[in-house]
Amino acid sequence: MKLYEYLGKELFARYDIPVPAGRVVESAEQAEEAAAELGEVVIKSQVLTGKRGKAGGIAFASSAGEARTEAERIFKMELGGFKAEKLLVEEKIQIEQEIYLALTVDGTAQKPVVLVSLDGGMDVEDVPEERMIRWPVDVTVGLQGFMVREICRQLGVSGDLQKEFIKLLPRLYRLFREMDAELAEINPLALTPGGLVAADAKVTIDDDALYRHKDLPRIREKTDLELQAEELDLAYVELDGDIAVMANGAGITMATLDMVQHYGGTPANFLDFGGGADVEKTSQSLELLLGTDPRVLLINIFGGITRCDVVAEAFSRVKESKGIDLPVSFRLVGTNEAEGRAILEKAGIKSFTSMEEAVSHAVDLLKQS
Amino acid sequence: MKLYEYLGKELFARYDIPVPAGRVVESAEQAEEAAAELGEVVIKSQVLTGKRGKAGGIAFASSAGEARTEAERIFKMELGGFKAEKLLVEEKIQIEQEIYLALTVDGTAQKPVVLVSLDGGMDVEDVPEERMIRWPVDVTVGLQGFMVREICRQLGVSGDLQKEFIKLLPRLYRLFREMDAELAEINPLALTPGGLVAADAKVTIDDDALYRHKDLPRIREKTDLELQAEELDLAYVELDGDIAVMANGAGITMATLDMVQHYGGTPANFLDFGGGADVEKTSQSLELLLGTDPRVLLINIFGGITRCDVVAEAFSRVKESKGIDLPVSFRLVGTNEAEGRAILEKAGIKSFTSMEEAVSHAVDLLKQS
Amino acid sequence: MSIYINDQTRVLVQGITGNQGSFHTGQMLKYGTRITGGVSPGKGGQTVEGVPVYNTVFEAVENEPVDASILFIPAPFAKDAALEALAAGIKILVLIPEHIPLHDAADIMAQARINNAVVVGPNTFGLVSSGASKIGIMPNQYFIPGPVGVVSRSGTLCYEIVGHLTENEIGTTTVVGLGGDRVVGLHFIDVLKEFESDPATKTVVLVGEIGGSAEEEAAAFIKSSMTKPVVAYLAGKSAPPGKRMGHAGAIIERGRGTFESKVEALNGAGVKVADLPGEVPALVKEAAGK
Amino acid sequence: MSIYINDQTRVLVQGITGNQGSFHTGQMLKYGTRITGGVSPGKGGQTVEGVPVYNTVFEAVENEPVDASILFIPAPFAKDAALEALAAGIKILVLIPEHIPLHDAADIMAQARINNAVVVGPNTFGLVSSGASKIGIMPNQYFIPGPVGVVSRSGTLCYEIVGHLTENEIGTTTVVGLGGDRVVGLHFIDVLKEFESDPATKTVVLVGEIGGSAEEEAAAFIKSSMTKPVVAYLAGKSAPPGKRMGHAGAIIERGRGTFESKVEALNGAGVKVADLPGEVPALVKEAAGK
């Protein structure tokens with residue numbers, strides 16, 4: 001779950017990481033008041049898209065009136081498909097140097113990794129690889145002072161800036177670990193006359209650990225369908241095509257989409273309903289898919305932990321209660337295959353054993369429709 | 001640094017370890033007021049000696065008046081050489097079972113170790129070895145739930161009491177680690193109808209880590225001399241004999257005391273002034289010793305990190321400024337031995353190279369004095 | 001022959017009394033897995049499918065030594081159970097659960113490294129030494145002995161491919177599911193190394209997907225250090241960038257981990273990449289024929 | 001011959017620019033120790049006694065491999081420095097400082113175990129391979145080569161005893177100071193094992209003291225596993241119970257770790273215990289003569 005900048009900065013403040021003085025506002029009037037207090041300000045749209053600045057979602061204002069005008073403008077903007085409900089109005093800070101600092105988890109090393117570059121402020125993908133220091137942190141050791149000194153040596157940093165790093169990095173590491181962050185990024189980390197200040201905050205919390213952080217708000221910057229899918233604990237992604245796809249397992253779902261394309265069709269979505277779902281959940285997944293008005297429905301089940309009879313039962317139930325009048329291509333093999341096939345036959349549904357056959361049939365159905 | 005029970009319990013409360021409702025009082029009147037609030041109470045003298053109960057430092061009172069009378073009595077008592085300045089007045093809790101629980105550091109394993117026994121309430125040294133479960137905790141793993149389940153299995157504990165342990169032990173471990181405790185002991189840990197409650201608290205904080213715990217009060221239940229020694233960072237222990245002993249290093253200081261006894265003398269103290277002390281600190285150590293009015297002074301220096309010339313210089317300085325009129329036996333070898341010996345000679349002090357000679361000379365001086 | 005496990009491997013089932021645990025204990029026993037015990041706190045003394053249940057892992061290993069443990073434990077409690085197995089000296093852990101928190105996985109892996117233990121998963125179907133021992137949740141019927149080693153990042157897709165092999169009467173030595181999470185114990189390279197030195201494995205099938213750089217790293221390893229032929233299938237050719245496709249890994253970020261870069265790397269290492277899962281058997285036969 | 005270190009051991013001095021660090025760097029160089037570098041954050045590029053100073057341990061080992069590091073670092077920063085040395089792959093650490101917090105010491109030892117590193121101390125005088133290499137703060141002149149291995153819990157008392165040996169023209173192979181803190185890296189048994197298998201060591205002197213159970217454990221080990229004669233001296237015969245005599249260990253608690261129990265255990269293992277430090281050389285000669 002990505003956190004809005006202002007929430008990330010609230011976390012930073014909780015962990016004694018300096019942030020600019022600022023106010024979260026929900027109206028242009030409040031932005032004006034905040035600017036009256038803070039003086040010269042920067043006004044930042046609180047949306048999750050990365051390219052706020054380039055899209056005009058960030059503005060500077062040197063007077064309260066200007067702050068109001070800019071806030072009005074930003075509140076009206078759509079950024080990455082969403083309008084901001086909140087703006088962050090912050091004092092303009094005096095930046096001597098922009099630094100990139102992040103903590104994330106390196107899957108290959110199986111460890112948290114510190115990323116630091118003196119080329120901050122730009123998009124991280126534009127930072128030259130050799131200008132980025134990566135330091136994996138053994139979780140049994142934690143982020144120790146010596147690591148920061150060594151990172152500083154590799155960066156060519158010493159003196160006061162090194163002292164600032166030695167204070168700041170262990171705090172960010174604590175936040176990263178205690179808050180179950182997938183990413184805790186500060187870009188730019190601004191060197192000001194008063195020391196380092198986090199000018200931005202990008203914090204992503206591990207969805208699987210959200211249950212440990214009941215105090216964090218749940219952020220729902222998603223389409224309605226994606227939200228429904230989230231509530232059903234489904235991996236669901238909307239795509240632009242015509243064939244609705246439902247399969248069990250992320251890999252095989254991707255492979256199904258690939259095969260749809262291979263046979264000349266276009267997938268309408270990615271829907272992995274996971275392993276071991278019961279009739280209820282499978283029915284709900286089906287209903288969600290049908291709600292997207294696809295032209296063809298393709299179901300690809302290779303039952304392992306998922307039982308074929310459960311999927312067939314769910315399908316025939318939904319068919320009965322809601323009526324499924326669009327063309328369906330069904331593939332069904334694996335655990336309890338015979339039982340599942342019998343249920344489908346009873347419901348008048350033909351099913352395939354081969355994925356290739358089912359997918360090419362679905363594409364044929366699309367062409368016929 | 002040993003903490004008074006009430007301070008230990010304040011720490012427990014901070015770490016969500018249940019303690020009985022109670023008040024810290026400084027007068028019998030306050031004890032009366034507390035009992036009026038709390039009902040049936042136990043009144044406990046806040047001194048550091050272990051045997052409070054047996055010595056009469058703990059009393060029960062079923063009325064406010066009785067509480068006042070008992071508090072008056074306890075305030076007048078001397079326990080382990082000290083009068084209590086504070087009493088802890090606590091609600092009397094209903095105890096179904098008494099458990100022993102402690103965390104300390106096992107030097108051989110180099111790890112924290114959990115000690116638990118279902119034979120609580122008695123002196124820990126009276127708990128049969130086979131009734132005490134010891135579980136070393138790897139600090140890179142921490143105290144995990146599985147360890148508590150295994151400890152419970154070994155104790156033969158299950159159900160609700162196991163659940164209570166699973167909640168409580170990790171909290172005590174966190175306290176132990178975060179507060180730099182040498183010992184965190186709860187004896188008895190009382191099983192009450194409402195769950196586990198810490199009926200007592202013995203927490204000792206590592207002196208070497210006190211600098212990290214500026215919020216803890218500094219407890220000074222020591223003799224004036226011991227306090228002086230503490231300020232000078234000396235290892236000093238008062239003993240009953242006649243020969244004041246000063247040496248550099250704990251082992252050799254002990255060996256010097258042993259040798260004093262071996263030759264028929266009695267040591268007045270243990271004073272290890274450590275390694276690498278400067279003239280100032282050495283002079284202050286000497287002045288402290290002279291303040292104890294010993295009959296003979298024995299100085300035993302084997303200079304390694306300690307420099308003989310520094311000790312000699314300190315001695316001749318103190319001799320000049322304060323006058324040392326008691327008999328002295330001085331042994332001096334090691335780093336800068338020649339320089340040291342020269343300084344002593346100038347000050348009219350004879351010195352030995354052999355520890356045996358110096359000690360037996362000291363005993364002779366005592367016999368002559 | 002096989003890697004990691006064989007028909008002598010003594011297996012513990014943590015979470016044996018749950019739905020998943022008891023069902024798959026039965027399945028594994030049917031397959032021939034040597035299950036010596038199960039653990040379920042508070043359920044000690046029961047049996048599941050004839051297997052004795054203990055309260056703790058320590059109690060289980062006291063009663064009989066254990067080589068490997070498979071965990072059917074809800075994600076929030078999986079770290080504790082995994083650390084318990086490691087503390088009790090078990091050297092192979094198969095972590096079935098999905099949704100284990102990322103930092104919990106990092107903590108498990110740190111202790112596994114310290115204890116020189118192998119962790120399969122989390123979010124894996126497990127591993128199987130075909131015809132000898134299955135420590136996982138894959139359907140029994142597809143895993144028949146033969147000369148092909150299979151390693152996969154995803155589960156059902158791996159069954160699909162092994163199913164095609166089986167249809168073509170091509171059996172497997174060992175099939176390993178790495179797991180779909182960001183932090184998993186084994187990586188392609190670890191398993192490729194084992195296959196390379198396993199005499200029974202003649203050909204290797206690698207089932208990968210978009211996202212991350214695991215396939216590129218595998219390709220570099222194959223190029224530098226493998227003599228045995230490797231065939232691959234990769235999922236995600238049609239996936240749009242920036243969208244997470246289920247797995248933690250299956251996302252193309254910042255132009256990295258694309259289908260094209262992976263195919264290029266694998267081809268460069270002499271690995272043929274199948275266009276469709278059904279093409280894998282032919283490529284395996286072709287590779288083995290060389 | 002010697003244990004742990006020899007004249008080839010490459011030594012780093014952490015905290016080299018401080019008073020203690022620079023003084024003892026000079027002393028160690030005079031003794032013949034092969035010091036290849038020093039570390040002092042912010043002082044990189046300087047030299048001390050001709051030894052190059054680096055900003056970090058990583059920088060030092062980048063420039064020249066290091067086998068052992070000696071720390072002259074104030075107690076509050078010692079843990080960080082020790083973890084740095086371990087992270088940089090150094091396998092022998094000599095921790096001179098006293099007053100290192102107990103939990104910091106536990107943290108250091110945990111990482112040392114993980115990294116298979118030997119830690120001498122903290123609160124130790126170090127160790128010396130007589131005539132070859134001194135990694136410590138002991139006065140040079142007493143440590144001359146010979147057939148006796150010495151291991152001690154306390155510092156100056158050890159000098160006293162080695163001084164008596166030297167007076168009697170008895171030299172030493174290796175002298176190891178375990179350190180006076182509650183948590184230290186090496187224990188008597190670790191060092192006794194090394195002496196037992198070191199061909200150059202003919203007799204061992206153990207210098208112990210009251211408190212704890214280290215001497216009793218040593219006695220059990222000597223009884224079960226040592227062929228070489230061991231002579232002991234123990235301090236604290238006259239100490240009253242319950243008073244802490246300087247060292248963390250030197251306290252008789254709950255009737256355990258008394259002088260009498262230690263003498264009894266050692267005598268039971270065939271170890272003669274000297275009444276006075278000056279009697280040790282005669283006992284060594286007597287033991288060697290057997």
Side-chain angles (χ1 to χ4, degrees), chain B residues 105-108 110-112 123-125 138-141 176-178 180-182 206-212 233 235-240 247-262 266-267 270 272 274-276 300-306 333-335 354-356, chain D residues 20 24 75-76 98-107 109-114 125 137-139 152-160 163 180-185 187 207 209-210 212-214 217 233 235-240 243-250 254-255 259 275-278:
Chain B
V105 170
D106 178 333
T108 306
Q110 306 165 329
K111 285 176 183 173
D123 280 353
V124 60
E125 48 262 56
D138 184 331
V139 293
T140 74
V141 178
F176 179 69
R177 290 279 294 167
E178 292 180 2
D180 280 299
E182 280 179 22
D206 177 13
D207 289 333
D208 292 334
L210 278 178
Y211 71 92
R212 294 200 276 235
D233 189 27
Y236 176 80
V237 182
E238 280 180 66
L239 300 170
D240 294 329
N248 62 322
I252 202 160
T253 308
M254 271 192 283
T256 309
L257 305 190
D258 294 349
M259 206 182 276
V260 165
Q261 215 165 51
H262 180 87
T266 53
F270 170 101
D272 164 20
N300 180 15
I301 304 303
F302 196 120
I305 203 163
T306 300
V333 292
T335 310
S354 148
M355 175 173 163
E356 277 86 347
Chain D
Q20 295 272 338
H24 284 289
E98 56 181 342
H99 297 308
I100 292 182
L102 180 65
H103 288 272
D104 287 6
D107 289 340
M109 300 313 159
Q111 290 302 324
R113 284 193 301 273
I114 292 170
F125 59 81
I137 58 173
M138 48 293 232
S152 174
R153 272 167 81 180
S154 45
T156 313
L157 178 57
C158 184
Y159 307 165
E160 177 77 30
D181 285 0
R182 174 121 72 121
V183 167
V184 293
H187 295 105
V207 184
E209 61 190 36
I210 53 161
S213 57
E217 288 156 19
Y233 175 81
K237 185 178 185 177
S238 63
K243 293 274 189 184
R244 179 169 294 186
M245 294 294 187
H247 284 187
R254 302 165 187 163
F259 184 82
D275 271 337
L276 295 173

**Prompt:** Under a 4.5 Å heavy-atom cut-off, does chain B meet the side chain of Val207(D), its backbone, both or neither?
**Reply:** neither
**Item:** Minimal non-hydrogen separation, Ala255(B) against Ala235(D), with atom names
**Value:** N-CB, 4.0 Å
**Message:** Under 4.0 Å between a side-chain nitrogen and a carboxylate oxygen: does that hold for Lys111(B) and Asp107(D)?
**Reply:** no
**Asked** Where on Ile100(D) is there a heavy atom nearer than 4.5 Å to chain B: the side chain, the backbone, both, or neither?
**Response** backbone
**Closest non-hydrogen atom pair, Val184(D) against Gln110(B)** = O-NE2, 2.8 Å
**Item:** Verdict with reasoning, Gln111(D) to Thr140(B), per side-chain contact (heavy atoms from CB on, under 4.5 Å)
**Value:** CA-CA 8 Å; Gln111(D) 290 302 324; Thr140(B) 74; 3.7 Å; yes
**Asked** chain B heavy atoms under 4.5 Å from His99(D): which part of the residue, side chain, backbone, both or neither?
**Response** both
**Asked** chain B heavy atoms under 4.5 Å from Tyr233(D): which part of the residue, side chain, backbone, both or neither?
**Response** side chain
**Heavy-atom closest contact (Gly303(B) atom, Pro139(D) atom, distance)** = O-CG, 3.9 Å
**Message:** Please classify the contact between Asp206(B) and chain D as side chain, backbone, both or neither, with a heavy-atom cut-off of under 4.5 Å.
**Reply:** side chain
**Request:** Looking only at non-hydrogen atoms, find the nearest pair between Asp208(B) and Pro101(D) and report the distance.
**Result:** O-CG, 3.6 Å
**Request:** Heavy-atom distances under 4.5 Å only: say whether Glu356(B) touches chain D with side chain, backbone, both or neither.
**Result:** side chain
**Asked** Got a second to check how far Met259(B)'s CE is from Leu276(D)'s CG, nearest 0.5 Å?
**Response** 5.0 Å
**Message:** What's the separation between atom CD in Glu217(D) and atom OG1 in Thr108(B), rounded to the nearest 0.5 Å?
**Reply:** 4.0 Å
**Prompt:** chain D heavy atoms under 4.5 Å from Leu210(B): which part of the residue, side chain, backbone, both or neither?
**Reply:** neither
**Message:** Any salt bridge linking Asp106(B) with Arg182(D)? Criterion: basic side-chain nitrogen under 4.0 Å from a carboxylate oxygen.
**Reply:** no
**Residue Asp233(B) versus chain D: region with a heavy atom under 4.5 Å** = side chain
**Request:** Apply ring pair (Phe, Tyr, Trp, His ring centres under 6.0 Å) to Phe176(B) and list each qualifying residue two or more places apart in sequence or on a separate chain.
**Result:** His103(D)
**Prompt:** Measuring from Leu239(B):CG to Ser238(D):OG, what's the distance to the nearest 0.5 Å?
**Reply:** 8.0 Å
**Prompt:** Relative to chain D, which segment of Gln261(B) carries a heavy atom at a distance below 4.5 Å: side chain, backbone, both, or neither?
**Reply:** side chain
**Item:** Interatomic distance, Thr156(D) atom OG1 to Asp272(B) atom CG [nearest 0.5 angstrom]
**Value:** 7.5 Å
**Prompt:** Mind checking whether Thr256(B) and Glu160(D) have side chains closer than 4.5 Å, heavy atoms only?
**Reply:** no
**Request:** Nearest 0.5 Å please: distance from the CG atom of Asp258(B) over to the CD1 atom of Ile210(D).
**Result:** 8.0 Å
